[in-house]
Number of protein chains: 2
Amino acid sequence: MAAANRNTIQRKLVMNVVQNSLHPTAEYVYKTIKTDYPDISLGTVYRNLSLLSNRGDILKIPLPGSADRFDRDISLHYHAVCSECGAIDDVHGLDLGDIDMDASQNTGYTISGHTLIFTGICPECQAKISEQSLMEE
Amino acid sequence: MAAANRNTIQRKLVMNVVQNSLHPTAEYVYKTIKTDYPDISLGTVYRNLSLLSNRGDILKIPLPGSADRFDRDISLHYHAVCSECGAIDDVHGLDLGDIDMDASQNTGYTISGHTLIFTGICPECQAKISEQSLMEE
DNA sequence: CTATTATTGATATGAATTATCAATATATGA
DNA sequence: TCATATATTGATAATTCATATCAATAATAG
């Protein structure tokens with residue numbers, strides 16, 4: 001028989017938290033589970049997040065310079081990160097055509113995918129910054 | 001007077017190595033300088049790579065899960081990373097239109113830029129893999 | 001129910017980068 | 001040229017995020 005994955009409570013808990021959060025980090029998933037199930041280990045959370053994202057049940061969002069985020073939404077979309085507060089939001093409806101094929105023809109690589117992250121300032125932080133510059137006058 | 005940057009030998013050495021390398025890591029820059037100038041500190045290399053990339057003299061290529069690379073080529077282009085050997089190559093001639101503006105309209109963010117990394121298998125590793133599958137028959 | 005082994009919790013380890021701080025060297029301007 | 005202010009350095013500690021190790025435990029096939 002093929003070595004099957006096992007449906008452990010820990011794995012179900014990790015999946016549940018991801019399904020009920022927006023773009024959680026491993027740390028957030030760990031702390032959230034811990035309130036109801038204090039025995040869970042951080043390593044277990046990391047292991048299950050990896051397994052679930054490798055399996056395609058959830059999406060891993062690697063962020064350069066900070067902790068990876070995970071996403072319950074596995075449809076094609078991108079993300080924007082706020083450089084002020086670290087917020088992360090979906091960018092839907094962006095059609096880049098077949099950039100993977102373009103990159104493949106360009107380089108000779110067999111392209112399996114790409115990572116695209118936008119950086120900027122979220123509406124909330126923009127508002128705060130505008131307020132501040134008013135105060136300073 | 002404005003607090004000016006100083007043109008230290010260490011800074012010049014870091015700049016030189018980046019200008020004469022393809023996509024070096026901080027570690028590579030450090031080791032390369034060290035052969036001629038053994039007193040240089042790794043922290044100094046990191047500090048100068050940050051300063052030079054913030055200043056726009058060089059480009060920082062953040063790679064999720066591995067060490068950042070730096071690029072002497074500051075023109076608009078992207079990169080492909082080989083998942084087998086870690087090689088990194090330029091992807092030129094990719095026109096994504098004004099995706100930053102699209103993302104901005106989509107999210108309400110003020111977008112300052114984006115990071116796009118392609119993942120795949122470089123031609124050399126493809127060749128090795130083909131050889132192997134032939135051997136196995 | 002039992003045997004196999006995937007998975008867990010605890011913890012050590014690792015890689016990459018930043019922070020700290022006294023000593024030093026660079027640029028300004030007298 | 002020389003003195004001064006301070007940006008920068010080297011050495012090293014600390015941090016962050018993540019993976020490796022390993023004996024104990026628990027999930028599943030038969």
Side-chain angles (χ1 to χ4, degrees), chain A residues 1-18 23-55 57-58 60-70 81 83 86 88 115 117, chain B residues 1-18 23-55 57-58 60-70 81 83 86 88 115 117:
Chain A
M1 279 300 100
N5 287 330
R6 291 178 183 175
N7 223 342
T8 61
I9 20 179
Q10 292 90 342
R11 186 158 300 156
K12 285 180 212 157
L13 288 167
V14 169
M15 188 61 174
N16 264 329
V17 173
V18 175
H23 297 103
T25 60
E27 195 67 31
Y28 176 86
V29 173
Y30 172 65
K31 284 185 179 157
T32 304
I33 295 176
K34 196 121 182 145
T35 60
D36 284 337
Y37 192 87
D39 276 355
I40 197 150
S41 165
L42 181 58
T44 297
V45 171
Y46 271 105
R47 269 183 250 126
N48 278 302
L49 288 170
S50 293
L51 186 146
L52 291 171
S53 55
N54 287 333
R55 193 202 250 177
D57 291 344
I58 64 175
K60 178 178 177 172
I61 312 168
L63 298 183
S66 60
D68 292 343
R69 304 298 194 104
F70 295 87
V81 180
S83 54
I88 172 166
T115 299
I117 307 281
Chain B
M1 279 298 103
N5 287 330
R6 291 179 182 175
N7 223 342
T8 61
I9 18 179
Q10 292 89 343
R11 186 157 302 156
K12 286 179 211 156
L13 288 168
V14 169
M15 187 62 174
N16 264 330
V17 173
V18 174
H23 297 104
T25 60
E27 194 68 32
Y28 175 86
V29 173
Y30 172 64
K31 284 185 178 156
T32 304
I33 294 176
K34 197 123 179 130
T35 60
D36 283 337
Y37 191 87
D39 276 353
I40 196 148
S41 165
L42 181 57
T44 297
V45 172
Y46 270 105
R47 268 183 252 124
N48 279 302
L49 288 170
S50 293
L51 187 146
L52 291 171
S53 55
N54 287 333
R55 194 200 249 179
D57 291 344
I58 63 175
K60 178 179 178 171
I61 313 168
L63 297 185
S66 60
D68 293 343
R69 305 297 194 104
F70 295 86
V81 181
S83 53
I88 174 167
T115 299
I117 308 281

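Letters A, B, ... mirror the listed sequences (proteins, then strands); counts begin at 1.
Within the structure, a side-chain polar atom (N or O) of A:Thr44 is placed less than 4.0 Å from OP1 or OP2 of C:dG9. Under 4.0 angstrom from either OP1 or OP2 of C:dG9 there lies at least one side-chain N or O belonging to A:Gln10. OP1 and OP2 of D:dA26 both lie 4.0 Å or more from every side-chain N or O belonging to A:Asn7. In terms of phosphate contacts, A:Ser66 brings no side-chain nitrogen or oxygen within less than 4.0 Å of OP1 or OP2 of D:dT16. The phosphate of D:dT9 has OP1 or OP2 within less than 4.0 Å of a side-chain N or O from B:Thr8. Between A:Arg47 and the phosphate of C:dT8, there is a side-chain N or O to OP1/OP2 separation shorter than 4.0 Å. Within the structure, a side-chain polar atom (N or O) of A:Tyr46 is placed less than 4.0 Å from OP1 or OP2 of D:dA18. Between A:Asn5 and C:dT7 there is a side-chain polar atom (N or O) within less than 4.0 angstrom of OP1 or OP2.
Taking CD1 from A:Ile40 and NZ from A:Lys31, the interatomic distance works out to 14.5 Å, rounded to the nearest 0.5 Å. Here the OG1-CD1 distance, from B:Thr25 to B:Ile61, works out to 11.0 Å after rounding to the nearest 0.5 Å. Separating the NZ atom in A:Lys34 from the OH atom in A:Tyr37 is a distance of 11.0 Å, to the nearest 0.5 Å. Note that CD1 of A:Ile88 and CD1 of A:Ile117 are 6.0 Å apart. Values are rounded to the nearest 0.5 Å.
Residue-to-nucleotide proximity on DNA chain D shows that, of B:Lys34 and B:Arg11, the 5′-proximal contact is made by B:Arg11. Heavy-atom nearest nucleotides on DNA chain C were determined for A:Val45 and for B:Gly43, and the one closer to the 5' end corresponds to A:Val45.
Spacing between atom CG of B:Asp68 and atom C1' of D:dT16 amounts to 14 Å, rounded to whole angstrom units. One interatomic measurement links the two molecules: CZ of B:Arg69 to P of C:dT17, which rounds to 11 Å at whole-angstrom precision. The distance from atom CG of A:Leu42 to atom C1' of D:dA20 is 14 Å, rounded to the nearest whole Å. Rounded to whole angstrom, the span from the CG atom of B:Leu13 across to the P atom of D:dT8 amounts to 15 Å. Computed from coordinates, the B:Asp39 CG to C:dT24 P distance equals 12 Å when rounded to whole Å. The distance from atom CG of B:Leu49 to atom P of D:dT8 is 14 Å, rounded to the nearest whole Å. Protein atom OH of B:Tyr30 is 16 Å distant from nucleotide atom P of C:dA15, rounded to whole Å. At whole-Å resolution of the value, OH in B:Tyr28 and P in C:dA16 are 17 Å apart.
Between D:dA27, D:dA18, D:dT19, one nucleotide has an atom nearer to the side chain of A:Ala67 than all others, and that is D:dA18. Checking C:dG9, C:dT17, C:dA27 against the side-chain heavy atoms of B:Arg6 singles out C:dA27 as nearest.
Side-chain atoms of B:Arg11 come within 3.5 Å of backbone atoms of B:Arg6 as a donor-acceptor pair (strictly under, hydrogens ignored).
With contacts defined as side-chain heavy-atom distances shorter than 4.5 Å, the pair A:Arg69/A:Val81 does not qualify.
Looking at heavy-atom distances under 4.0 Å, A:Ile40 makes contact with sugar-phosphate atoms alone, never a base.
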